[in-house]
Structures are given as structure tokens and as C-alpha cells.
Amino acid sequence: MSAILNLVSILIFPGLLFLLVLGMAGQYVDRKLYARLQNRVGPPWYQPVADVFKLLGKESVIPEEADHRMFSLAPIFALAAVIAAYLYIPLWNTKPVLSFQGDLVVVLYLLLIPTLTFFLGGWYSRSIFSTLGAVRSITQLFAYEIPLLIALLSPALLASSWSIAGIAAYYGTHPWRWMVNLLGFAVGLITLLGKLERVPFDAPEAETEIVAGSFTEYSGRYLAFFRLAIDSEAIVSSSLLAAVFLPFGLGLPIWLGVIVYLAKVAGILSVLALLRTIFARLRMDQMISFCWRYVAPVAFLQVIIDLVVKELV
Amino acid sequence: MSVETDFLRIQGSVAPWVSGSRTAENRLDMDTSAERLVPAVTALRSLSWGYLSAITGFDSGTAAPSDGHIELLYHFCNGPAVATFRVKVPREDPSVPSIGPLVPSAVMYERELAETMGVKVAGLPKKRQFLSDDWPENVYPLRKDFTMESAAATREVGPAVGSEEAPGTFIIPIGPQHPALKEPGHFELAVDGEIVTHADIRLGYVHRGIEKGAEDRSWVHNIYLMERICGICSHIHATAYVLGVESLSGVAVPPRAQTVRTIFCEMERIHSHLLWLGVAAHQAGFDTLFMYSWRDRETIMDLLEELSGNRVNYSVNLLGGVKYDIDGKAADSVRRGLDFLERRTTHYLKIVTTDESFLRRTRGVGAITFDQANLLGTIGPTARASGVSRDLRVEAPYMAYRDFPVRPVLDSRCDLEARFVVRINELFESYRLIREMLDHMPAGELAVPAPRKVPEGEVISRVEAPRGELFYYIRSTGGVKPDRVKVRTPSLCNWAAVLSVAVGHKLADIPMIMVGIDPCFSCNDRSITLRRRGSAESWSWEDLRAYGISYYAGGGA
């Protein structure tokens, strides 16, 4: 019985199917808001679904020189890793599907995998644009990943728990203490732009220089899987930020809890869309120096704040 | 210093290498020979006078066998003055030395001569630049004895060019199809990591043989052909052409017509600069500015449509005047549009000079120093952003610019930011000019009749297009068709500067630097043969027309 339940939670709710639907809805929110902020009409609500079906119907071309296995497996790995990560994150209550002490670190590792697959997929495409995009993806990873990691660890320090569920439970019993971590939340939002490769940190897929970076050679269903993985990654990472930095409203009745959860994710996605509207693309060197010079010190400051607060309370 | 004293100075210094010289208003023609060309150009360069504006070649034809030659005209310009070295070479063996070592921007023009005229230019890189790779050898379209049949043959083309790679270099091809390029062109960038170590260019993907086509059309028909050289600055091409033809036929155009033409020129500059602003912002990944500037550009497009009925090819010009008038009601809607645009432009100026993330991509990037801009012969806003004052509207006013003087817009910062600031400030100047012209529109006729035949002679017509000086050389033999129409578009002058500045920059900056000169590929490349499904066939104009009619009659199937 529990095996069937597990299967349901992995494949349907809150796993694969639910995440894909949310991912596409998130893509719609992002695109529509981005368009409205630019005084454009924007896509209709079903556009993300239509895009997936269109891509599934298209020919999937693998370049002759590419490593066929790596090329076709990369998008699947990306999607699998994202779904696995989602199962450890508490959404509208403090009980995720899976949980153990230290799962915060595991989730961070799982969320690294999509970026690694961008690198591998691009690298094994063997085209110049893909290779350059792959190298840029991995270079950028070193710039944003460490501030993100530090920012996420600081609420854990205060909660004295390495599990996301534990962190959520701690802030549930100590309401308003999450306000201490707002700096970390800001760091999380900025680094998320890097993780999702969006303006101003979209140099790895800067179309005016390197076409589509790692994804240049991807087409058909492989591209559809990558797109789904990226959309889902946006949802999972926003949910992670919501669980760690905005842990309120977790004891509500389920219908209200779901609404609060969706509002949090939509809010984070909207801030990301707003940020990508108002900036120009930074060059790689500018992106790296920005992350290390400004974002990383703020993340460290957050750690110090949490240590001090922990001593005081 | 006046043009006359300049000319005297030039005549004095080049005298040993020149066999004869004539002056006319703002023109100095000096006859020289292939052997004496290089010392003559050296002498002129030593005066630091002007820049090489264009090299024209024309074929005098085989009709007069005693005089069967190709004549090459090296036009150097400085403000309103044009000094031309004329070199006659025999048709059988037309060879001249390259002046590329003296004037770097000459290489492009010489390449064009070599491909279209069959002039052997010693010391020029062999790489094709304008005609397609499978264009047959030894067939030169601008020669008078060129036939369509001779172009039907094809040349064997080797496998795709993989430049000989030095170890450790990585060649990034940009184009002919690439998201950064809205029109086809090909760039090869050698990079070391992210740093560009060498840049090269191949043009000609949209070469349409317009200069050759012009020789086969009447003087009137050609207005419409010239207008189709460029989809952005269509009007300025037609204007440069009609100004030249009118001066050859001695037609005096009524002042109201000149003012209407000038208003259209300025409106075109506005839409061109706004378009550029959007494209340039897009290159920097700043799509929000792109969307807003293009939204606002619609204002001017709608106004152009309201005035002429068309958004792109307005066909305002006639030989001897204009077709459309701008009456009180139309003038009011133009004024309203300009008021809106002026507010928006103020906002854009603030963005490009204060937005932190955007300035990181423009400030100090892609600098073309004053000396480089001068030496490499850059023109237009690109030159003006390096402090080089080259604006024909100011230096050699034509049409209504004589009565409505233009204030030059200059910036000495030389970088990409300066190119943004210069173009945006030029927008304000255009708004002011249009308002003044609308307020003081001369009364009178819109057009006077012009003769169908144009008297024998040649004329140089230069106007300031949105991208810089546009150069037309028109030659008539007294018939109903021109003998030669040479077009040198502004984009062609600025490539040399871009290619030399690109080296040493990061790859990420290259699209911005390329777009910084506002390149227009259609302008550069001016088919004769259509190749379908592997078979080569030549189509005549009538065939094409019949094909077009039957194609659309079948619903475009």
C-alpha cells in the first residue's frame, strides 16, 4: 500500500505531474508579466502547453558529431533531479514527502544537477556556440552557488536543523523570527536569477553572441524536456526559498495552505520577472565580480546576524 | 580656409604626379596614371586633407575601340569639397596598385572594383567580398559587354571555408544566419578564451545588382529602384539620386518641394535612430528598452503613412519636385507626434546615461579614438561620437538645410555610450528642424517638369543619411538611361573601424560594437541569377514578373 502511495506522490502529486503543471503555469506568469511590463500583449494562458506539444511534434535532431547518449540523457537527468528535489521541500505544511536530517544539503546538490546537465549537454553537442555556452554555465555556477549556499544555511543555523522540514517547523513555533533572514532572502532571489540563467545573468545563453548557448543544438522532444526541466527548476527553487525564508502560514487548513503556498511562489516568480525586465545583460567577468564583491559578503553578513541572534534568544 | 585655396594647395603638392587638373564648384579633378597613383595619394595624405569617400569605376564600353578603357575615380572628400584622382586603364589589362597601405578603408572599395569591374588591384586579399562564391570567374557584371548568359555558368566551390586555424585559437563564426544579425553578413572572430584576437568580415549575401540594374532603366524608373536599396533609409537614397539628376539636367526645384523632401529626410532619421536604439539595446540584453523604443517608433511610422500612404518606401520624390504636400492638418498631427516623441526621447537619454547595468556595457567599451576615426574614414554618427565633425547637413548644406541650419551634435568620449548620446541628441535636433520647417514652410509649387533625357555629363551627389554620408556618382551619356550609377553607402565606410576596434575586446562586447555603427547590410551589397533545385537558370525581368503573377494568382502555393 505504501509503495503505491509513494509512487503516486512521486509521479502525480506532489511529484512529476503536479510539478509540470505548476512549471508551465509559472512560465506563463513570468512571460505574461514580462510582456506587460514591456507594454506588450504577452502570450495566452495555454501558450506554455502549446509550446511543449509543438516541440514534441517536431523532429529531434542530434548532431552527427555529438555524443548521442549524453546528448539525449542530459534533459532527462535535469528533469529527474528537479523532481527528486521537490519531494524534500515542505510546501503548505511542515511535512514534505521525504525528509531526514541534512536534506537541505541534498536538495542543494540535486538543484546543482540541472546546471551540470546544461554543461554536459552543451559540451557533448560539440558545436562552438554550445561549447562556449557550456563553459559559461559552469563558470557562472561558481559565482552564484556559494552565496546561495551560505544564504540558505543561515536560517538553518538559527533553527539548529539541517532538514528543511525542521527549519519550517522551527519558524512555525517561533513566528516572525524569519524576518531576521530577509537579507538572505534577497541574496537568494539574486542568485536564483543566475541559477535560472535569466537577465542580467543570462550570458550562458546570450542570443546575440552565442545563439542559445548549451541549447543551440537541441530540438524536438529533447528541447521540450530541457524546457520543462527549467520551468520546474524555477518552481522548485522558488519553493525552496519560500520554505526556508518565508515559513509562515504552514498550519492552515489545506485549501488555504495551498493558496498561501501558490501566492508565495507566484510572488517570488513575479519579483524575478521584474528584475529581468529592468536590467541589461552583464558580461561574464562583470557577473562574477558582482557576485563575489557584493552578493557573497551580504550572504556572510546574514550568517553573522543569525549567529548573533542565536546567542541572544 | 576656403575650398579654392584648399584646391590650390592640393594642386601644388600633387603636381608632379598629375598630368592635368580641372576645377569646378567644389570639385577638383586630377588626371593621373596607374603608376603615379600611389605617390599622388601619398602627397594628398601628407596634407592631412579629407578622407577617401569612394572609388568609382566605369567602363567606357567597346563602342569606341580607340578609347576602350576603364576609368577609376578616387574621390577624396572634405566638407563640401571633392578632390578626384582619375585613372584610365586599358580594358584588356586593367591593373592598378592598391592604396590600402595608405588608406585602410580603401580595401573594401578596391575589392568591389575587382569583383564587379574586373580591375586587377595588386596587393589585395584574394577573398571574395561582394559576389556569391559560385559566381563564375572572369565575369564582371559592371562591364558593358556583360551578358546574362555569361553569368549562368557556375564556379566550383570548395567545402565550407575553415580558415587555417593556428593552434590554440578558436574561430567563432557569426552569420550569415545568426540571432545577432537582422540581415545576413558573416564574421569570423578568432578568440582566445573570451578575448577576440582577430576579426574578419564577408559581405555580399544580399547583393542584388542594383547598380547594374540602374543602367537598364530610365531616369524616372531608377528613382524607385534606388529607393529600394535600403528598407530603413529609403527616402535618402531616392533623394541623393534625384538631386544628382536634377543638377545634371539643370532643373530648379521649387523651395516648397525642397522643404517637403527635407522634412521626410528628418522623419526618416528619427525612425532610423529609434530603430537603432532598440536594436542596440537588444544586443546588450536590455529588451525592455528595445520594446519601448520600437513602440514609440510606431508614432513616426504612422505619421509617415499618414503623409505618404506608405511606411517604408514613401516614394516622395519626383524628378523636379515631390508628390505629396504637407498641409495644415497633417502638420498638426506631425507636431503632436513630435511632442510625444520628445518626451520619450528625454526619458531614453536619461536611461542610457544613468542606468547602472546598461552603462557597464557601454561606458568605455568599443572606443574609436579621434585619430582612428579620422584615419579609418569613419562617417556619420560613429565619427561624430569620436569628435570628428563630419555632417554634410552642416558642412555642405543642401535642400532646405540652407535655410534651416543644422546644429552639429558632437561627443568626444569615443565609446559606445557616446554613440548612444550622439544619436539621441540628433533626435532632438531633428524634432527642432521639423517644427521649424513646418512653421516656415515656403509657399509655391510642388514640382516642375523635368526632361526625359538627361544631358551628357557626370555629377557627384552627397547627402547625409541617418548612418552618415551617402555618396552617389551619376554619369549620363545624354540618353534616357544613366550610363553609370555608383552608390557608396555609409555602412561600408565604417567596417574598417569596427574590425580594427573589435580586436582585444571580449566576445560579449562584439555584437554591441558591431551594432554601434548601425550597419545596414542591404545597403552594403547592392541576383541576377536564380538557382533553384540545383539547376542554374537565368531569369529575365519579364520571366520573373510572369512568375510572380502566376505565383500569386495561384494563391501563393
Side-chain angles (χ1 to χ4, degrees), chain A residues 30-31 33-42 65 126-140 190 193-194 197-213 215-216 273-290 293-294, chain B residues 162 165 169-175 177-182 187-191 193-196 278-296 298 344 351-352 355-363 365 416 420 505-515:
Chain A
D30 176 63
R31 284 171 67 176
L33 199 62
Y34 185 54
R36 293 307 302 152
L37 287 168
Q38 294 181 341
N39 204 1
R40 290 185 288 122
V41 177
E65 287 185 27
R126 302 245 191 270
S127 102
I128 288 172
F129 302 121
S130 306
T131 314
L132 268 176
V135 172
R136 284 185 181 188
S137 281
I138 212 82
T139 316
Q140 181 157 304
I190 290 166
L193 285 171
E197 300 185 349
R198 290 191 184 170
V199 177
F201 303 144
D202 67 333
E205 37 193 284
E207 63 162 32
T208 50
E209 301 153 40
I210 50 172
V211 189
F215 311 117
T216 307
L274 180 68
L275 287 175
R276 84 179 172 116
T277 312
I278 58 174
F279 287 118
R281 180 186 306 126
L282 292 180
R283 286 194 317 247
M284 283 310 292
D285 56 318
Q286 293 169 338
M287 187 274 171
I288 292 168
S289 79
F290 174 77
R293 218 179 274 173
Y294 303 108
Chain B
E165 282 178 46
T169 61
F170 204 56
I171 306 269
I172 309 227
I174 294 191
Q177 308 299 329
H178 188 282
L181 304 169
K182 306 307 169 213
F187 300 85
E188 275 190 6
L189 303 171
V191 292
E194 290 261 334
I195 306 288
V196 174
V279 173
H282 174 63
Q283 302 292 339
F286 197 7
D287 283 358
T288 308
L289 179 55
F290 171 36
M291 294 296 164
Y292 275 97
S293 61
W294 277 42
R295 180 198 70 178
D296 296 338
E298 281 305 298
R344 296 300 304 169
I351 290 179
V352 302
D355 186 275
E356 204 45 57
S357 73
F358 194 62
L359 279 178
R360 279 169 180 257
R361 301 300 305 275
T362 58
R363 190 166 279 176
V365 176
L416 273 170
F420 275 90
H505 274 88
K506 297 203 167 58
L507 177 64
D509 288 328
I510 298 302
M512 288 285 282
I513 292 172
M514 267 167 19
V515 165

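Each chain gets a letter, A, B and so on, in the order the sequences are listed, and its residues count up from 1.
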Checklist line | Between CG on residue B/Leu507 and CD1 on residue A/Ile210, distance to nearest 0.5 Å | finding: 7.5 Å
Next item on the list: Check side chain to side chain donor-acceptor pair (under 3.5 Å) between A/Arg283 and all other residues, then give those that pass, not counting sequence neighbours.
Entry: A/Asp285, B/Asp509
Check: Quick one: what part of B/Val365 sits under 4.5 Å from any heavy atom of chain A, side chain, backbone, both or neither?
Finding: side chain
Margin query: How long is the straight-line distance from CZ of B/Phe286 back to OG1 of A/Thr277, given to the nearest 0.5 Å?
Written below: 9.5 Å
Check: Heavy-atom distance under 4.5 Å to chain B: side chain of A/Leu37, backbone, both or neither?
Finding: backbone
Next item on the list: Identify the two heavy atoms, one from A/Leu132 and one from B/Ile172, that lie closest to each other, and give their separation to 0.1 Å.
Entry: CD1-CD1, 2.9 Å
Notebook entry, point to check: Would a 4.5 Å heavy-atom cut-off, applied to side chains only, mark A/Val199 and B/Asp287 as touching?
Noted result: no
Notebook entry, point to check: Which bit of B/Arg295 is near chain A, if near means a heavy-atom gap under 4.5 Å: side chain, backbone, both or neither?
Noted result: side chain
Check: Is chain B contacted by the side chain of A/Val211, its backbone, both, or neither, given a heavy-atom distance below 4.5 Å?
Finding: both
Next item on the list: For residues B/Ser357 and A/Ala280, report the shortest heavy-atom separation together with the two atoms involved.
Entry: OG-N, 2.9 Å
Note to self: To the closest 0.5 Å, what do you measure between CZ (B/Arg361) and CD (A/Gln286)?
What the structure shows: 6.5 Å
Next item on the list: Return yes if some donor-acceptor pair links the side-chain N/O of B/Thr288 with the main-chain N/O of A/Ile278 below 3.5 Å, else return no.
Entry: no
Margin query: Taking side chain to side chain donor-acceptor pair (under 3.5 Å) as the definition, give me every residue that meets it alongside A/Glu197, ordered by chain and number, with sequence neighbours left out.
Written below: A/Ser137
Next item on the list: Please round to the nearest 0.5 Å and tell me the distance separating atom CZ of A/Arg40 and atom OH of B/Tyr292.
Entry: 10.0 Å
Checklist line | Rounded distance (nearest 0.5 Å) linking atom CZ of A/Phe279 with atom CZ of B/Arg360 | finding: 10.0 Å
